[in-house]
Each structure stands twice: as C-alpha cells, then as structure tokens.
Asker: 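Sharing a structure below in structure tokens format, with a few things to ask.
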2 protein chains.
Amino acid sequence: MSTSDSKSYHHGDLRQALLETTRQMIAEEGVEGVTMRGLAQRIGVSRTAPYRHFENKAALLAAVAQEGFEELIKHLRCARTADPTLSPIIRFEKMGMSYVQFAIAQPTAYRLMYGADAVRAEDHPEVREVVRRTLDELIEMIQECKAAGFLKTYHPRDVGMTVWSACHGLSLLLIDQHLQIDNVDQLIERVTRIVRVGLEGER
Amino acid sequence: MSTSDSKSYHHGDLRQALLETTRQMIAEEGVEGVTMRGLAQRIGVSRTAPYRHFENKAALLAAVAQEGFEELIKHLRCARTADPTLSPIIRFEKMGMSYVQFAIAQPTAYRLMYGADAVRAEDHPEVREVVRRTLDELIEMIQECKAAGFLKTYHPRDVGMTVWSACHGLSLLLIDQHLQIDNVDQLIERVTRIVRVGLEGER
DNA sequence: ATTTAAATGTTGACTGTGTCCACATATTAA
DNA sequence: TTAATATGTGGACACAGTCAACATTTAAAT
C-alpha cells in the first residue's frame with residue numbers, strides 16, 4: 001500500500017488528501033471555489049474517484065465542516081483552561097474573544113461550517129454532534145462562573161445560547177464586512193467587554 | 001404597454017415579476033432552489049429575458065436581498081416607535097425580539113440577505129447601504145436610551161454592534177436549527193432579556 | 001498458491017445551470 | 001414614417017455534479 005506515490009493506480013489515502021485539499025481550496029477561494037472536478041485534478045486523480053470516499057459533495061464539505069468545529073472546540077477549551085488563576089468571568093470573556101478570532105482568522109472555513117447552503121446540519125449527524133459540543137464548551141465555562149458566584153439567576157443554557165449568538169453574529173458580521181471599522185481587535189474587545197460587564201452585573 | 005397579458009411579446013413589467021417570483025421561490029425552496037431558467041419558465045418568458053433587467057443572477061438576488069433589508073428596517077422602526085410610553089430600554093428589548101422574529105418568520109429570505117455565497121455586499125453598494133441603515137436603526141434606539149439615562153458609559157455604535165451581533169447570531173442559530181429547543185418564543189424572550197438586563201445595569 | 005471478493009480508480013455520458021451572441025419584435029423618439 | 005432603443009427569443013458553449021459500466025489493485029477465502 002503506497003501512501004502517496006505519483007504513478008500508482010491507487011492513491012493510497014485519497015480520503016485524507018481530499019479533506020486537506022478541500023480545506024486548502026476553501027482557504028484560497030472560498031467554498032464556491034471548491035469543485036469536485038477541480039479537487040480531483042489537483043490531487044491527480046480522475047473526477048469521479050472522490051465518490052468512492054464521499055457520497056457526494058455535500059458529504060465531503062460536511063466532513064470538512066466537522067473538522068472545523070473540532071478545531072474551534074479545541075480553541076475554546078484552550079481559552080477556558082489556559083489560566084485557572086483568572087476570574088472565571090474573565091476567562092469567559094477571553095473565550096468569547098477566542099471564538100471570534102478563530103472565526104475571522106479563517107473566514108471562508110467558518111462560513112462553510114455554518115453555511116446552510118453547503119452543509120445542512122440536519123442532514124449530517126456528525127455535524128450536529130460537534131455543533132452541540134461547541135455549545136457545551138461554553139456551558140462548561142458558565143458552570144465554572146456559577147460555581148464562583150456569577151450568573152446566579154440564569155440558566156446556564158440560556159446564557160450559553162446568548163453568548164454563542166453574540167459571538168456567532170459578530171463573527172459573521174465581521175467576515176462579511178458589514179461592520180465598517182478600521183480596528184477589528186478593538187471592536188472585538190469592546191463587544192465582548194459589554195457582554196461580560198452585563199453578565200457580571202448579575203451576581 | 002400591456003401590464004401582464006399572457007400572449008404579448010413584451011411582458012410589461014418583467015423586472016417586478018422577477019423580484020416577486022424570486023421572493024416566492026426563495027420562500028418555497030430556499031435560495032438554492034432559485035434558478036434563472038426556472039424563474040423565467042414560471043413567469044412564462046424565455047430563459048435569457050431576465051438578463052435584460054438584471055446583469056446576472058447575483059444582481060437579481062442582491063435586489064431581493066435589498067428589499068428584504070428594507071422590510072426588516074421597517075419592522076425595527078415599527079417596534080422602536082410603537083409605544084413611546086414604554087421605557088426606551090424596554091422598547092430596545094422589543095426591537096431585538098422583533099428582529100429575530102422577522103428573521104425566523106422568513107428563514108430562507110433572511111439567509112439570502114446575509115448569505116455571502118449569493119450576495120457579496122461589497123459588490124453591491126445598494127445592499128451595503130441598507131445594511132448600514134439597519135445598524136442605524138438600532139443606534140437610533142440607543143440614542144433614545146442614552147437620552148433617558150441608560151447606557152451612559154458606552155458608545156452607541158459599540159452597543160449597536162453588540163446587539164446586532166446577538167440578534168443576528170440568534171436568528172441564524174435558530175434558522176439553522178442548531179439550538180435544539182422546543183419553545184422558540186421563550187428562548188427569544190430569555191436571550192433578549194439577558195441582554196437587556198445586562199445593558200440596563202450600566203446606568 | 002489460486003481463486004474470489006472487495007475496494008478503489010477510470011472513462012463516457014447525461015443533466016442542469018449560467019450566460020454570451022446574434023437575431024426578432026415591440027415601443028419610443030426624431 | 002423612420003430611426004433608435006428597449007425588450008424578448010433560440011442556439012450554443014462551458015462548467016459541474018454524478019451515475020453506470022468497466023479496469024485494476026489489494027485483501028480474503030479456499
């Protein structure tokens with residue numbers, strides 16, 4: 001089993017190559033730039049070979065989206081657990097910043113992840129699953145806040161959805177360039193601060 | 001000039017018919033369901049006739065998106081000015097609820113409006129314009145709040161973007177069914193309440 | 001080791017779609 | 001009435017997704 005020789009009939013690990021190349025093409029040209037044919041050509045395989053590994057284009061994109069969520073979850077967890085000496089509510093704020101920074105660092109990939117056009121989560125249980133875990137990561141942080149005496153009057157789930165909404169919305173508005181600003185980082189700081197201060201008030 | 005006879009060579013008002021039929025098709029089958037050919041056929045005109053009125057599909061969709069934003073702005077203004085006896089911060093909250101309700105009442109249309117795939121705002125100045133006015137509508141409300149002594153320590157624009165982000169994010173998460181809940185209205189109430197209470201604290 | 005089955009890859013072909021071009025017809029202006 | 005303009009039509013092309021039938025390689029079974 002050759003892993004990536006050039007002339008062999010079998011590619012070796014086409015599935016992985018497809019995932020990687022798709023990610024690359026998305027980064028370079030956006031989701032619209034991804035075509036099954038282009039993908040195959042770039043990898044050096046015939047146009048229908050990908051269908052041995054993914055039922056169709058949607059399934060391939062869903063797999064890439066899933067990986068994206070897994071990356072996002074890692075980032076969030078990292079922000080959450082990075083510095084346990086910090087007040088949980090501050091770590092929560094940093095988590096929000098991490099979220100948005102992750103999104104705008106790879107705008108086209110983030111768009112794919114939540115892009116109902118390409119990936120209908122309801123059709124892809126694995127995507128559904130990682131989406132759920134994304135929210136869970138926020139809720140975990142909220143539990144810590146509650147344990148420290150914050151957010152006493154709220155249900156964790158409600159707060160989680162609120163913060164998720166704000167992060168998601170801000171990410172997309174930034175990615176789509178709907179917010180005409182020059183200092184992106186400053187805006188992220190201000191927005192997350194407004195949210196954090198608001199939540200902090202509810203001790 | 002016949003306005004909508006069936007057999008005449010000229011349609012009469014194809015431009016308007018295109019906008020309306022596009023809206024319908026979006027409502028029925030989503031943006032993906034819209035094809036130039038299908039549109040033309042449904043209206044009873046040849047497949048290339050639409051190109052006399054819109055440069056291409058993107059331009060047509062952009063025009064529909066623009067109308068969508070104008071509708072949204074109307075709704076927001078309505079919520080803002082409906083009951084001037086109410087505390088501005090409460091009207092602000094109602095405005096947020098209106099936003100999300102508008103979005104989920106026409107999910108596919110809302111997706112189009114913000115769907116970078118179909119409509120890249122940066123390519124369509126008219127869309128850029130209505131998007132800006134959407135934020136302005138929120139900021140207007142925030143000014144009223146400030147005049148009543150709320151939100152003293154914040155810049156209106158920052159608060160506007162924060163609330164817009166939350167509304168937009170919540171709308172999309174609901175539309176894409178990422179939030180697995182049974183009572184949508186209750187969630188909207190809870191989220192907008194959390195945001196309002198948070199802002200209210202900052203007198 | 002030989003045969004068989006399964007996995008993987010290839011080419012051809014079909015469909016649907018956006019859109020250009022040249023031409024036709026209707027409407028408006030000169 | 002004629003000329004110019006706006007609007008609508010059909011042919012044609014390129015691109016994309018994907019099915020079906022066939023080829024080749026690898027793995028499993030005897």
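Quantities reported herein were computed from a predicted structural model and do not represent experimental measurements. Labels below follow one simple rule: chain letters A, B, ... track the order of the sequence lines, proteins then strands, and each chain is numbered from 1.
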Asker: Measure from CG on A:Asp13 to C1' on C:dA7 and round the result to the nearest Å.
Answerer: 14 Å
Asker: So do A:Leu112 and A:Thr108 actually touch side chain to side chain, heavy atoms under 4.5 Å?
Answerer: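 A:Thr108 does not reach A:Leu112 side chain to side chain.
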Asker: Rounded to whole angstroms, how far apart are NE2 on A:His11 and C1' on C:dG9?
Answerer: 12 Å
Asker: With sequence neighbours excluded, tell me which residues meet ring pair (Phe, Tyr, Trp, His ring centres under 6.0 Å) with A:Phe54.
Answerer: none
Asker: Report the distance from atom CG of A:Leu14 to atom C1' of C:dT10, rounded to the nearest whole Å.
Answerer: 13 Å
Asker: Applying salt bridge (charged side-chain N to carboxylate O under 4.0 Å, His left out), can you list everything that pairs with B:Lys146, at least two apart in sequence or on another chain?
Answerer: none
Asker: Rounded to the nearest Å, what distance is computed from the CD atom of residue B:Glu32 to the P atom of nucleotide C:dT17?
Answerer: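 The distance from CD of B:Glu32 to P of C:dT17 comes to 13 Å, rounded to the nearest Å.
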Asker: What's touching nucleotides 4-6 of chain C from the protein side, N or O pairs under 3.5 Å?
Answerer:
none

Asker: List for me each residue that meets side-chain contact (heavy atoms from CB on, under 4.5 Å) alongside A:Gln41, sequence neighbours excluded, and say none if there are none.
Answerer: none
Asker: Estimate the overall bend of the helix from C:dA1-D:dT30 to C:dA30-D:dT1 from the end axes over five pairs each, rounded to 10 degrees.
Answerer: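 Comparing the axis at each end, I get an angle of 10°.
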Asker: Determine, stepwise, if the pair A:Arg111 / A:Asp176 fulfils salt bridge (charged side-chain N to carboxylate O under 4.0 Å, His left out).
Answerer: CA-CA 9 Å; A:Arg111 266 227 147 270; A:Asp176 294 342; 2.8 Å; yes
Asker: Between atom CG in B:Leu60 and atom C1' in C:dT19, what is the gap in whole Å?
Answerer: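 Taking CG of B:Leu60 and C1' of C:dT19, I get 14 Å after rounding.
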Asker: Starting at CD1 of B:Ile43 and ending at P of D:dT9, how long is that distance when rounded to a whole Å?
Answerer: 11 Å
Asker: Any chance you could measure B:Lys94, atom NZ, to B:Ile89, atom CD1, to the nearest 0.5 Å?
Answerer: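 Spacing of NZ (B:Lys94) from CD1 (B:Ile89) equals 13.5 Å.
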Asker: Can you say whether a donor on the side chain of A:Thr48 sits under 3.5 Å from an acceptor on the base of C:dT11, or the other way round?
Answerer: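 It does, because a donor-acceptor pair links the side chain of A:Thr48 to the base of C:dT11 below 3.5 Å.
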Asker: Taking the side chain as C-beta and beyond, is there a heavy-atom pair between B:Phe150 and B:Leu199 under 4.5 Å?
Answerer: no
Asker: For a 4.5 angstrom cut-off between non-hydrogen side-chain atoms, does B:Arg190 reach A:His155?
Answerer: yes
Asker: Counting only heavy atoms and a strict 4.0 angstrom limit, can you tell me which residues of residues 50-59 of chain A come near DNA chain D?
Answerer: A:Tyr51, A:Arg52, A:Asn56, A:Lys57
Asker: Provide, to the nearest angstrom, the distance between the CD atom belonging to B:Gln41 and the P atom belonging to C:dG16.
Answerer: 11 Å
Asker: Classify the ring geometry of A:Tyr99 against A:Tyr110: parallel below 30°, tilted from 30° to 60°, perpendicular beyond 60°.
Answerer: perpendicular
Asker: Specify the separation, in whole Å, of atom CZ of A:Arg47 and atom P of C:dG12.
Answerer: 8 Å
Asker: Between D:dA16, D:dT9, C:dG9, which one does the side chain of A:Arg37 approach most closely?
Answerer: D:dA16
Asker: Any idea how A:Tyr114 and B:His178 line up, ring-wise: parallel (<30°), tilted (30 to 60°), or perpendicular (>60°)?
Answerer: perpendicular
Asker: If you look at every strand shown and take non-hydrogen atoms under 4.0 Å, does A:Thr35 touch a base, only sugar-phosphate, or nothing?
Answerer: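 The residue A:Thr35 makes sugar-phosphate contact but no base contact.
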Asker: Testing the 3.5 Å rule here: is there a donor-acceptor pair between the side chains of A:Gln177 and B:Arg128?
Answerer: no
